[in-house]
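The block underneath contains the structure these notes are about, expressed in structure tokens.
Order of appearance sets the numbers: ligands from 1, and atoms from 1 within every ligand. One-based numbering along the sequence shown.
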Amino acid sequence: MSTAAPLEVQSLTKRFAVGNALHRSHVHAVDDVSFELRPGKITALVGESGSGKSTVARLLARLYDPSAGAVLFEGSDVSRVRRRRGVLRYRSQVQMIFQDPFGSLNPTKTIRHHVERPLRIHHIVPSAQIERRVHELLRAVGLVPPEHIAAKYPHELSGGQRQRVAIARALAVEPKVVLADEPISMLDVSIRIGILNLMLRLKEERGIAFLYVTHDLASARYLADDILVMYAGQIVERGPIEQVLSSPLHPYTRLLLAAVPDPATKLHAQRIEMRNLLTRHSAARRRAAATGRPLPCHRPVDLTERTTMPTDTSSFPHDFVWGAATAAYQIEGAAREGGRGESVWDRFCATPGKVRNGDSGEIACDFYHRYRDDVALMRELGIGASRFSIAWPRVVPAGRGPVNEAGLDFYDRLVDELLAHEIEPFATLFHWDTPQALEDVGGWTSRATAEAFVEYAEAVAGRLGDRVRHWITHNEPWVHAWIGHAWGEHAPGRTSETDAVAAAHHLLLSHGWAVQAIRRAAPDAQVGIALNLSHAYPASDAPEDEAAAWQVDGEGNRWFLDPIFRGAYPSDLLERNEIVAAFVRDGDLEAVSAPLDFLGINNYFRFVVSAGADGPRMGRDSEAQHTDMGWEVYPDGLHRLLVRVARDYAPPAIYVTENGAAFGDVRVHDGRVHDPERTAYLESYIAAVSRAVADGAPVKGYFVWSLLDNFEWAYGYSKRFGIVYVDYPTLERVPKDSFYWYRDFIASRPRAPRPSPIATR
Ligand code: FCB
């Protein structure tokens, strides 16, 4: 990336005529202003209204002609170019984002039209590629699924989403310079941070030179590298923003600062203000209604409902377990060390086009070598439990046959380290990393893999069962079976519905067998399974929508809950029953329904389902907040889910074994990572769990996903779920603000008593 300034402003002056023919005079809106914008840097232009800052932006955007001075773009003066082609060329490189995106988005045109227009005007891509490019752009600004957003009209989007459309439109032309004039001041405080983080990401990823025009010092400090302070048409102070704000020289800068004593705390203050507003609101205090029927209908909710902050978490018992979760392939790295064999994910990542950016877990977070430091971080966090997974190919590299003691040694050391820090290990035996050697002979579509899994489970429980009290056999068999075997988006990349049904059955079967194997090795062990479950809300009271929601519930939730807790597949899913019949043998369902000590629930979102011509259709509430995965933030969905599962299946205990959110986190100039959206997410979901406990669900613990940013499967490293930021080039760990929030939250609760040593064979 070149570091030369693409835009240089020299002695720019703009006078406006005032008065009438008899008494004409001029005011200097902008007077002798000079500065430059550098690639990959954000320069804040700060001043009160009337200071001239927006006029500067408009002059740069060529919306006004200057009275004097020059605007050099890549060395040539563009301020007086008149020819349409010349102006167009310049405008294709220098884009402007306004305060009110609505004002610049024609309400009668779809979002597709708005993003497509600059592509057509500037002939950026051939016509055939326009649609693909529009989708890419919408995705880049976090508007997903793009097909869905593209078809909407501006008024169907929230303010934050409209601003993202405006940014996508600006990016369409791959600009070198972006002039953002108060882009967040008309947005709700809760979504401002998302736009700021998006701008930070774009500057980093695309090397764009930004001019951020604002009167708001807090956001300027959050975002900018440099500051220009403007007063009465002139720049009165300039320099690196931290330096200028910590020791301001000009009296006007001091005055601005005096109005906001510590701009860094202002964003925080805004959040507190929002929280107070919300908790005062009656809807925020309202207790969720009891679920009188299996799947209560979705009703459009009050905006406050999904951002409800915890008002009362006293329902959590004193021994409630607070933890954080990870998984082997996502964090360990060291893929070729300690005798580890190849896994299906190694193979999948090495297959071109399967994983974003060609990423793999080869190095990941290097937890294999850094686990001691990471356990120290867990200790600082104050968690009582760590959920991690064991890599099957480390323990049995060929899937079956000799056990690799060196592989077990690693987990042995990890368990000891956790216990030495008073952190309970919750070990997951399978988090999707099947040894490739087994996949080569049929993988989970073959019953033999279930047998191999039990041998592996025995080896692990035999070695760790004297210290590990909590065991999880499988993680999210639905995801592994369907996304990996029917949709081909996860390893092993199969694309057959029959393979998915077979894999699911063999996963369940191996779960049942492993429960018994673990109990043999460690009679006092607590054994469970972690299912990904999401509450399915019918979009309306219409019987068709209710039936569609029931079907979605059946395919995702009941297909696993019923065999585990009732020893039978749900009979309403006729086609699947036909497929699975070929794989079920006598005694299988008794094995699958071996009594469990707990159910693990991983939850991230809910479903809103309506009946479509080709089967159930998933709705999307465009007013709702969505995470970087495009998943709706809807804490009440977790409350409903917990209450419903407790009522219908009566598990002896439930742990929320995963819950969390990906956002486009960035590290800012103070070295920290501010992620108020994640903190708000965790607060609201924990509050939902608390309501479920108060309503009688036997929830015993909660694990945030995830401790560390990590390899997010087909998304590679592009999605950050951690409460600890990982700087991948250096592997440095940076606890995010949400880490400190969780630490303080845990510290404010009574500490659980330590469990007594456990009995083994
Ligand atoms: C779950 C997985 C976990 C992580 C989160 C975001 O489905 O169990 O590994 O990818 O989603």
Can you tell me which residue and heavy atom of the protein come closest to [atom], and the distance to 0.1 Å?
{"atom": "atom 2 (C) of ligand 1", "result": "Glu658 OE1, 3.3 Å"}
{"atom": "atom 7 (O) of ligand 1", "result": "Glu476 OE1, 2.4 Å"}
{"atom": "atom 10 (O) of ligand 1", "result": "Glu712 OE1, 2.7 Å"}

My understanding is that only residues two or more places apart in sequence, or in another chain, count here; which of them pass side-chain hydrogen bond (donor to acceptor under 3.5 Å, both in side chains) with Arg558?
Asp553, Asp572
Of all the atoms in ligand 1, which lie at a distance below 4.0 Å from a heavy atom belonging to [X]?
{"X": "Phe721", "result": "6 (C)"}
{"X": "Trp432", "result": "2 (C), 7 (O), 8 (O)"}
{"X": "Trp713", "result": "3 (C), 4 (C), 9 (O), 10 (O)"}
{"X": "Asn475", "result": "8 (O)"}
{"X": "Tyr604", "result": "1 (C), 5 (C), 6 (C), 11 (O)"}
{"X": "Gln330", "result": "3 (C), 4 (C), 9 (O), 10 (O)"}

Crowding at OH, Tyr715 (>12 non-hydrogen neighbours, <6.0 Å):
no
Please collect all salt bridge (charged side-chain N to carboxylate O under 4.0 Å, His left out) contacts where either partner lies in residues 348-358, sequence neighbours excluded, each pair once.
none
Does Asp665 come within less than 4.0 Å of Arg678, counting only side-chain N to carboxylate O?
yes
Salt bridge present between Arg667 and Glu204 (N-O < 4.0 angstrom):
no
His431 heavy atom under 4.0 Å from ligand 1
yes
Tell me whether the rings of Tyr681 and Tyr685 are parallel (<30°), tilted (30 to 60°) or perpendicular (>60°).
parallel
Taking the six-membered ring for Trp, are Tyr604 and Phe721 parallel (under 30°), tilted (30 to 60°) or perpendicular (over 60°)?
perpendicular
